[in-house]
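Here is the structure we will look at, set down as structure tokens.
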There are 2 protein chains.
Amino acid sequence: MYNRAVLKRKIISTFGKSGLRNSSKRNAVIDAFVSSNTHLNTEELYSIVKSKAGIGLVTVYRTMRLLVQYGFAQEVDFQDGFTRYEINDDLSGQHEHLICIRCGHITEFKDGAIQNIERRARTKTGFSPLHHRLEIFGVCKLCREKEGHEAE
Amino acid sequence: MYNRAVLKRKIISTFGKSGLRNSSKRNAVIDAFVSSNTHLNTEELYSIVKSKAGIGLVTVYRTMRLLVQYGFAQEVDFQDGFTRYEINDDLSGQHEHLICIRCGHITEFKDGAIQNIERRARTKTGFSPLHHRLEIFGVCKLCREKEGHEAE
DNA sequence: TTAAGTGCAAATTCTTTGCAGATTA
DNA sequence: TAATCTGCAAAGAATTTGCACTTAA
């Protein structure tokens with residue numbers, strides 16, 4: 001598990017080495033991002049930081065784009081119409097998403113077998129995997145219980 | 001492997017039972033979709049059908065939405081700014097996507113281990129998987145060769 | 001006949017960009 | 001000081017919707 005304060009320092013240090021400046025507003029967005037436990041979209045990140053520091057939506061977009069470019073953030077797509085972000089799996093350990101098509105609830109799920117799939121992809125096709133996204137769509141336990149397990 | 005003519009008939013029959021009509025323009029979009037081997041986006045599907053039948057872009061959007069709703073099409077996201085569609089994996093057999101972050105080339109890749117991951121997800125969390133998306137981002141063989149395998 | 005399907009243009013929604021002023025190194 | 005950063009408003013791009021007309025059942 002990554003440490004958030006460490007991650008934040010690493011991001012700012014990496015940015016600094018690339019000629020990006022250590023701005024207080026951008027830092028507030030980085031803070032909101034590394035502190036979040038869920039998969040926030042731009043609007044949600046904005047609603048966190050705008051009260052704190054009078055930050056504009058555009059700054060959130062620009063900061064998230066940088067975080068993706070530099071490999072600290074990864075875009076995830078839960079088919080709800082928003083681009084969402086999470087801390088790059090390579091930093092925190094790979095995980096998959098179980099997405100309930102009834103209630104929209106997201107469960108994170110770890111399974112080491114993905115590593116084997118990536119290894120086979122490399123062996124069979126010469127493709128060199130860097131990171132992945134696995135989203136499994138289905139019906140969560142609670143919704144199945146509500147429906148009397150019809151979804152079985 | 002599904003048969004395309006059979007699939008098309010199945011779609012139209014399912015639509016008919018739901019009170020949707022058998023319209024020639026919608027059929028042209030369905031045709032273009034079931035005949036395609038790649039992951040077409042709306043604009044690409046439109047460019048196929050507009051010459052044939054004077055169909056509007058809006059009809060393509062509406063048809064693809066129906067195909068997704070009824071489970072015949074699945075949206076895929078290759079992070080190129082477009083929503084792309086493929087025939088639902090449940091109908092043709094599951095496959096994964098290897099996406100080259102240099103040249104954008106997509107390779108389809110089959111690996112049965114995903115079934116085991118889905119099974120473990122069900123056992124561990126009570127989640128009932130219906131379908132999944134696995135996208136592995138990395139560098140394809142050709143790009144690696146061009147780069148002298150730096151990406152290793 | 002009548003409910004569904006369609007195209008056009010307008011409206012929405014998410015995201016990016018131009019530019020003048022603010023901030024950081 | 002000099003380059004980067006920022007917010008605002010405007011522009012873009014993908015997608016949806018309102019509405020009058022067309023078509024299938």
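This structure is a prediction, so every number in the text was calculated from the model and none was measured. Protein chains get the first letters and strands the later ones, always in sequence-line order, with residue 1 at the start of each.
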Can you identify which nucleotide, out of dC5(D), dA4(C), dT16(C), has its nearest atom closest to the R65(A) side chain? dT16(C)

Mind checking R62(A) for me? I need base, sugar-phosphate or nothing, with any heavy atom below 4.0 Å counting as a touch. base

Roughly, in whole Å, what's the span from CD in E44(A) to P in dT15(C)? 12 Å

If I take atom CZ from residue R26(B) and atom CZ from residue R62(B), how far apart are they, to the nearest 0.5 angstrom? 10.0 Å

Checking dT6(D), dT16(D), dG5(C) against the side chain of V58(B) (C-beta onward), the nearest is dT16(D)

Send over the distance from D80(A) CG to dT15(D) C1', rounded to a whole Å. 15 Å

Listed nucleotide nearest any side-chain atom of T83(B), set dC14(C), dT15(C), dT15(D): dT15(D)

Just the rounded figure in Å: distance from P of dT24(C) to CZ of F15(A). 16 Å

Residue mapping more 5' on DNA chain C - nearest nucleotide basis, S23(A) or T59(B): T59(B)

Judged by nearest nucleotide, the residue sitting upstream toward the 5' end of DNA chain D, L57(B) or R21(B), is L57(B)

From CZ of F78(A) across to C1' of dC14(C) the rounded distance in Å is 18 Å

Pairing residues for F137(B) by the ring-ring contact (aromatic ring centres under 6.0 Å, His included) criterion, not counting sequence neighbours: H131(A)

Y61(A) has a side chain; which of dT15(C), dT23(C), dT16(D) sits nearest to it? dT15(C)

Residue pairs involving residues 28-50 of chain A (criterion salt bridge (charged side-chain N to carboxylate O under 4.0 Å, His left out); sequence neighbours excluded): K8(A)-D31(A), E44(A)-R84(A)

Please lay out, stage by stage, how L45(B) and T63(B) fare under the test side-chain contact (heavy atoms from CB on, under 4.5 Å). CA-CA 11 Å; L45(B) 284 161; T63(B) 302; over 6 Å; no

Heavy-atom nearest nucleotide on DNA chain D taken for S24(B) and for T63(A); more 5' hit belongs to T63(A)

